[in-house]
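Given the structure is predicted, the values throughout are model-derived calculations rather than measurements.
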There are 2 protein chains.
Amino acid sequence: MKTTTINDVAKQAGVSKKTVSRVINNEANVSEDTRAKVQKAIVETNFKRNPLGMALAKNRSLFIALLTDNPSPGYLMKLQKGILQSCTEEHMGLFLYDCSYNSNNLLKEIEEFIDNTLVDGFVLAPPICDKLELLEMLNRKNIQYIRIGPSYKHQGEFVGLNYYKASYDVASYLVRLKHTNIGYIKGHPDEESSTIKENGFKQALQDNKINWDSRLVAQGYYTYQSGRDAAALLLNNKPAPTAIFASNDEMAAGVLYEAQSRGIKVPDELSICGIDDISITTKVFPNITTYRHPLVNIGYRAAVLLINRLKNKQSSAPYGDSKNNETFDGELVIRDSTASIK
Amino acid sequence: MKTTTINDVAKQAGVSKKTVSRVINNEANVSEDTRAKVQKAIVETNFKRNPLGMALAKNRSLFIALLTDNPSPGYLMKLQKGILQSCTEEHMGLFLYDCSYNSNNLLKEIEEFIDNTLVDGFVLAPPICDKLELLEMLNRKNIQYIRIGPSYKHQGEFVGLNYYKASYDVASYLVRLKHTNIGYIKGHPDEESSTIKENGFKQALQDNKINWDSRLVAQGYYTYQSGRDAAALLLNNKPAPTAIFASNDEMAAGVLYEAQSRGIKVPDELSICGIDDISITTKVFPNITTYRHPLVNIGYRAAVLLINRLKNKQSSAPYGDSKNNETFDGELVIRDSTASIK
DNA sequence: CTGAAAGCGCTTACAG
DNA sequence: CTGAAAGCGCTTACAG
């Protein structure tokens, strides 16, 4: 099955292939007449531009990749879904690359990946989006990227989640339920988001005149197991907290398990909240109250911004230092894992 | 940063670029002497073959893609992880494409994806791997693929899971726990695996002289919600089943939720089992007894087989009709959602 | 506004 | 065993 090339279109339209190239790239300086002729020929010959030809000539593939470090599956799935959707709309393929945050030769591995696939854009998911050496390497190699996460040391563009509002709102909600003895499980110490969420939590306490008690704070790492472990610690307090706020859902699920394995009734004896609204929150019993981040949308927008940037760069349209950042708000989602103090 | 090309290597080694090409493709007919010279030059110039150049010349990208229909996230994540691992080892990129099984123009969309990315190989996950029109289209376009799932109408190669053994073993285990009133939730009616699992279940009942009771069988669709719905139906039976065997974990999690929301104690009043061993089974309380399929391994092997095939085809090595199928066994994993009848 | 030439990095087909 | 030529499908840089 011979595919039709730019040459076939040129012949059919009676123009040079350069002119065809102009049309498919939407360049200026083509008379309306010939443009129409070419477009007609494109349809007639069922022409599709071969991306490899373009990539080789331009030295840019327009392929993008999602770089992850295998965080919570539910989080990743939603993000991935949005990114994929945008890529499909833009007729682009999405590469996947799963790396290891702590690998010693992380940078080398990623450079190799770039060489092997010739991607020229990355969507960086947390926690990899906060890895400064990586961002610097990408800058050096002139590989475009967009970060999923809050602004970080002024590197690159980002699509942000409003982590502060998330934790502030969740904490305030728990206070409205008359909880004052609230355990808090922090996120991974290396991630920007952890600090921001903690600040939101503290501020909510302060605004409600509740004292901050360090015995009610436990270190987590955004993983299920770390949520369990932290809950075990917090629940050993006397008196035990009446609510535990885990700074992501993956940990909240761990808290729920730990509570249930100790025979603690949720929400009657313990309220539990998370952040993100990943799928597991509606699969466990009881469903977990959380703060919904529009992750699918966030992934979608991140990919759109990245792809637009690549395309603009290609057509040498103005692309200054103006950053196209977007920050998404979310909303509190009240479910069955929280109840008010009687 | 100018990258070094085959020409640079040729110059450095004092040979023609064709000879360099021979060396990097491991072709015969190169004297050991020049091969060594070229290899030395490759190292010295830090040469990396540009995949786009090769792809354009050969009209094959060696890129592969994972084609999914967004099944249970946990299932997909494990599969993806294995595939990714193999791709990384082989220095290949993995494209992702999420399609909609029921889309009217599924085939057209996939053809477009192929045109846009020039992938020349697919890993087909269930349920998409059982879509005959798709397989035929891929055959026609001469796109290689490997299916994750049992043999199906003699199409293509596959990496199979032993579904029969899975359900036979789980059912037998429930019988050993003295359950005789066992509810069964079938898989999606369009998927081969559903029939095979049901056969395994029936055979186990028969071998243990337990009568098959159609009121104890409910239709599921491999989704969480369908598991809940089916459980609701089954639990309305009088007497209610003492165990429910869902033919995948996603549904088993739904069963657990439904039971708990009715105040039914698991495992004391109801035992629950699934199949697959996806991550949710160890995140809910109680952890769910299941049959572990080595999904990471399965994904890994599938990608290895596919990539080898592509490479062999490329080097025109013998590639007959000999199929390289592999079938993986799994193992029963007993956890806390099952108990014996007193 | 349009096109002929040269080139991106590699391979195939052929000649020696 | 080795290489010069032509080509994969597209674009850039230039000329008109």
Side-chain angles (χ1 to χ4, degrees), chain A residues 1-38 41-42 45-63 115-118 120 310-311 313-316, chain B residues 1-38 41-42 45-63 115-118 120 310-311 313-316:
Chain A
M1 196 174 71
K2 187 77 183 59
T3 61
T4 71
T5 75
I6 203 173
N7 288 306
D8 305 320
V9 178
K11 205 172 296 171
Q12 175 91 353
V15 299
S16 78
K17 64 176 174 181
K18 172 60 211 168
T19 300
V20 177
S21 172
R22 283 200 180 88
V23 173
I24 61 183
N25 284 302
N26 254 312
E27 287 175 30
N29 292 336
V30 185
S31 76
E32 269 321 305
D33 220 42
T34 55
R35 190 182 294 276
K37 250 194 327 197
V38 171
I42 286 178
T45 57
N46 189 29
F47 168 75
K48 307 227 163 78
R49 177 228 256 133
N50 181 326
L52 295 186
M54 184 208 78
L56 189 55
K58 289 199 132 144
N59 196 25
R60 25 200 21 270
S61 68
L62 286 190
F63 289 150
D115 290 337
N116 289 324
T117 56
L118 299 187
D120 41 32
L310 291 175
K311 287 192 172 163
K313 238 194 149 181
Q314 169 191 316
S315 65
S316 60
Chain B
M1 193 176 72
K2 187 76 184 59
T3 60
T4 70
T5 73
I6 202 174
N7 288 306
D8 305 320
V9 178
K11 205 172 298 171
Q12 175 91 356
V15 299
S16 77
K17 64 176 170 179
K18 174 59 212 170
T19 301
V20 177
S21 172
R22 282 198 181 89
V23 172
I24 61 184
N25 285 301
N26 253 311
E27 286 173 33
N29 293 335
V30 184
S31 76
E32 270 321 305
D33 220 41
T34 55
R35 191 182 294 275
K37 250 194 326 197
V38 171
I42 288 177
T45 58
N46 189 27
F47 167 76
K48 304 228 164 81
R49 177 227 259 130
N50 181 327
L52 295 184
M54 184 208 76
L56 189 56
K58 291 199 132 144
N59 196 26
R60 24 197 26 269
S61 67
L62 286 190
F63 288 152
D115 289 338
N116 288 323
T117 56
L118 300 186
D120 42 29
L310 291 174
K311 288 193 171 161
K313 239 195 148 180
Q314 169 193 310
S315 66
S316 61

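- Candidate nucleotides dG3(D), dG9(D), dC1(C) were compared by shortest atom distance to the side chain of Lys18(B), and dG3(D) ranks first.
- At least one side-chain heavy atom of Asn26(A) sits under 4.5 Å from a side-chain heavy atom of Arg35(A).
- Nearest-nucleotide mapping onto DNA chain C: of Ile24(B) and Val15(A), the residue sitting toward the 5' end is Val15(A).
- Note that the CG atom of Asn7(B) and the OG atom of Ser16(B) stand 10.0 Å from one another [nearest 0.5 Å].
- Taking the side chain of Lys17(A) as heavy atoms from C-beta on, and the options dT2(D), dG3(C), dT11(D), the nearest nucleotide is dT11(D).
- Note that CE of Met54(B) is 8.0 Å distant from CG of Asn25(B), once rounded to the nearest 0.5 Å.
- What separates CG of Leu56(A) from C1' of dG7(C) is a distance of 9 Å, to the nearest Å.
- A residue-by-residue look at Glu32(B) and Gly53(A) shows that Glu32(B) has its nearest nucleotide of DNA chain D further toward the 5' end.
- Not a single side chain to side chain contact (heavy atoms under 4.5 Å, CB included) links Lys11(A) to another residue, sequence neighbours left out.
- Listed by first residue number, the stems of DNA chain D with at least three Watson-Crick or G-U pairs below 3.5 Å are C:1-3 with D:14-16, C:5-12 with D:5-12, C:14-16 with D:1-3.
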Atom pairs, protein N/O to nucleotides 14-16 of chain C N/O, distance under 3.5 Å:
none

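- Across all strands shown, Asn50(B) has heavy atoms under 4.0 Å from sugar-phosphate atoms exclusively, and none from any base.
- Spacing between atom CZ of Arg60(B) and atom P of dG7(D) amounts to 22 Å, rounded to whole angstrom units.
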